[in-house]
Amino acid sequence: MRFASRKFSIGKQPSVRSDSQNRLKSNIYECVDAYLETFIHILHMDIFSRAARENIKMSLVQYFAFILIALLAAFCQNLTGFAFGLILVGMTGALQIVSIADAANIACILSIANSLLYLKKSPRQSPGKLLMPALVSSLIGLILGYVSLSWFSVHGLNTLRLILGISIFASAIALLLINSNTRQLSGKKKTLAAGFLTGILGGMFATPGPPLVYHLYSQPLDKTVIRQYLFIVFGVTSAARLVIAIGAGELSLNAIILSAIAFPAITVATILQLKHPINLSRRISQLLVTTLLIATGSGLIYSSLNAILEAR
């Protein structure tokens, strides 16, 4: 499958595009082509065993809904440095497109890919002395969070969805209360605490953002530094969580396939945002993401409470 619109031969070209623009256009077309070919290949060709196909019970509408959610999550993360897992896991959980465990694993895979792409393409910034304490404590909290997810997945799925909804809603409220007027960096203890709480949420839902985001956006740091700091921490914790999931045999074929389908789409979104950044103020970016999080958290809380009450 190839786009017929790549070449234009009508009359004289009005202008000569720069090499970087041509490369960007070529990369986007290649990504979209690969994405469409992979998507159609997966949907229409007999490439999986019967057992694999039986595990994939999504309609075409659900596939496209998932891709749109992944694009929205990537857009928000590239804009603010966080919210990829919160939006992906929260919205797929609210719409019940995939299980929370699968959504968390998908968020890890895509978050790693998006973090590597963003850090490779963006100008380097020094994260400073706050990075290592946050990384160490988040990895410790990650183990506790993952164990909690395994228990709730077996003993209380609707309770797990309720906890996720409350976490997302509380995160949104916390973001609204951020005070960015601090003149001095916080001490190591606050960074360790923020990292530990980040790890717990990352282990449970692959949504490690809120505690560390609240902590960093309260510091006297440039938003570019904060974004790169968050991409590093989230990339490392996502990789660690994925290793744990693989070791425990909990990375399903469905999660791998959906990650492969969504990856080209979020790659295109990230390249476009890096080449043509949207310059919004920190406050407007926060309000945009907060609105999405409140809507997602509220939907999860409502649906899970209904399910719990009906079960009684």
Side-chain angles (χ1 to χ4, degrees), residues 73 77 80-90 93 100-116 119 127-153 159-161 163-172 174-175 178 185-219 221 226-248 250-251 255 289 293 297:
Q77 185 182 35
T80 63
F82 70 101
F84 186 90
L86 285 169
I87 292 173
L88 183 70
V89 179
I100 290 178
D102 272 353
N105 288 332
I106 293 167
C108 283
I109 295 172
L110 295 179
S111 181
I112 294 168
N114 201 40
S115 295
L116 289 174
L119 292 171
K129 63 181 182 180
L130 296 176
L131 180 60
M132 286 309 297
L135 273 177
V136 173
S137 59
S138 65
L139 291 174
I140 295 173
L142 183 77
I143 298 172
L144 178 60
Y146 193 87
V147 171
S148 301
L149 170 66
S150 300
W151 189 91
F152 278 111
S153 295
T159 303
L160 181 65
R161 294 177 67 238
I163 293 173
L164 175 58
I166 293 172
S167 300
I168 293 175
F169 190 87
S171 301
L175 290 175
I178 287 177
L185 290 174
S186 298
K188 182 182 285 188
K189 289 183 179 179
K190 288 186 177 180
T191 303
L192 287 170
F196 181 73
L197 292 174
T198 288
I200 291 178
L201 285 177
M204 289 189 73
F205 307 117
T207 58
L212 194 57
V213 168
Y214 181 85
H215 179 64
L216 289 178
Y217 272 97
S218 298
Q219 308 300 310
L221 296 171
I226 293 175
R227 273 201 301 267
Q228 292 204 1
Y229 187 117
L230 293 172
F231 270 106
I232 292 171
V233 174
F234 297 163
V236 171
T237 54
S238 294
R241 190 189 187 284
L242 191 60
V243 168
I244 295 173
I246 293 172
E250 295 179 355
L251 180 62
V289 176
L293 295 182

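All residue numbers in this chain count up from 1 along the given sequence. Fair warning: this is a prediction, and the values are worked out from it, not measured in the lab.
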K.L.:
Please report the closest heavy-atom contact between Asn105 and Ala255, naming both atoms and the distance.
P.N.:
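Nearest pair, atom of Asn105 first, then Ala255: CB-CB, 4.3 Å.
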
K.L.:
Hey, could you give me the CG/OG distance between Leu110 and Ser115, rounded to the nearest 0.5 Å?
P.N.:
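Reported value, rounded in 0.5 Å steps: 10.5 Å.
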
K.L.:
For Ile109, enumerate each residue passing the side-chain contact (heavy atoms from CB on, under 4.5 Å) test, keeping only those at least two apart in sequence or located in another chain.
P.N.:
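Testing Ile109 for side-chain contact (heavy atoms from CB on, under 4.5 Å), a comparison that skips the adjacent residues, returns Leu242, Leu251, Ser259.
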
K.L.:
If you take all heavy atoms of Leu88 and Ala107, which pair is closest and at what distance?
P.N.:
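Here Leu88 and Ala107 meet closest at CD2-CA, 3.5 Å.
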
K.L.:
Looking only at atom types and distance, does a side-chain atom of Ser238 sit under 3.5 Å from a main-chain N or O of Gly235, one as donor and one as acceptor?
P.N.:
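A pair under 3.5 Å: no.
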
K.L.:
List the atom pairs, donor and acceptor, that lie under 3.5 Å between side-chain atoms in residues 194-203 and the rest of the protein, sequence neighbours left out.
P.N.:
{"residue": "Thr198", "atom": "OG1", "partner": "Ala194", "partner atom": "O", "Å": "2.9"}
{"residue": "Thr198", "atom": "OG1", "partner": "Pro208", "partner atom": "O", "Å": "3.2"}
{"residue": "Thr198", "atom": "OG1", "partner": "Leu212", "partner atom": "N", "Å": "3.1"}

K.L.:
Does a side-chain heavy-atom distance below 4.5 Å link Leu144 with Met204?
P.N.:
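They are not in side-chain contact.
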
K.L.:
Working to the nearest 0.5 Å, report the span between CG of Leu192 and CG of Leu135.
P.N.:
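Leu192 atom CG to Leu135 atom CG measures 11.0 Å (nearest 0.5 Å).
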
K.L.:
Check side-chain contact (heavy atoms from CB on, under 4.5 Å) between Ala240 and all other residues, then give those that pass, not counting sequence neighbours.
P.N.:
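Ala240 satisfies side-chain contact (heavy atoms from CB on, under 4.5 Å) with Leu139, Leu142 only.
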
K.L.:
In Å, rounded to the nearest 0.5 Å, how long is the span from OG1 of Thr191 to CE of Met132?
P.N.:
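Atom-to-atom, Thr191:OG1 and Met132:CE are 12.5 Å apart.
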
K.L.:
Roughly how far apart are Ile232 CD1 and Thr237 OG1, rounded to 0.5 Å?
P.N.:
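Atom-to-atom, Ile232:CD1 and Thr237:OG1 are 11.5 Å apart.
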
K.L.:
Output the distance between atom CG (Leu131) and atom CD (Gln228), rounded to the nearest 0.5 Å.
P.N.:
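Result: 11.0 Å between the selected atoms.
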
K.L.:
Grab the two heavy atoms, one from Ala248 and one from Tyr146, that are nearest each other, plus how far apart they are.
P.N.:
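Closest pair (atom of Ala248, atom of Tyr146, distance): CB-OH, 4.4 Å.
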
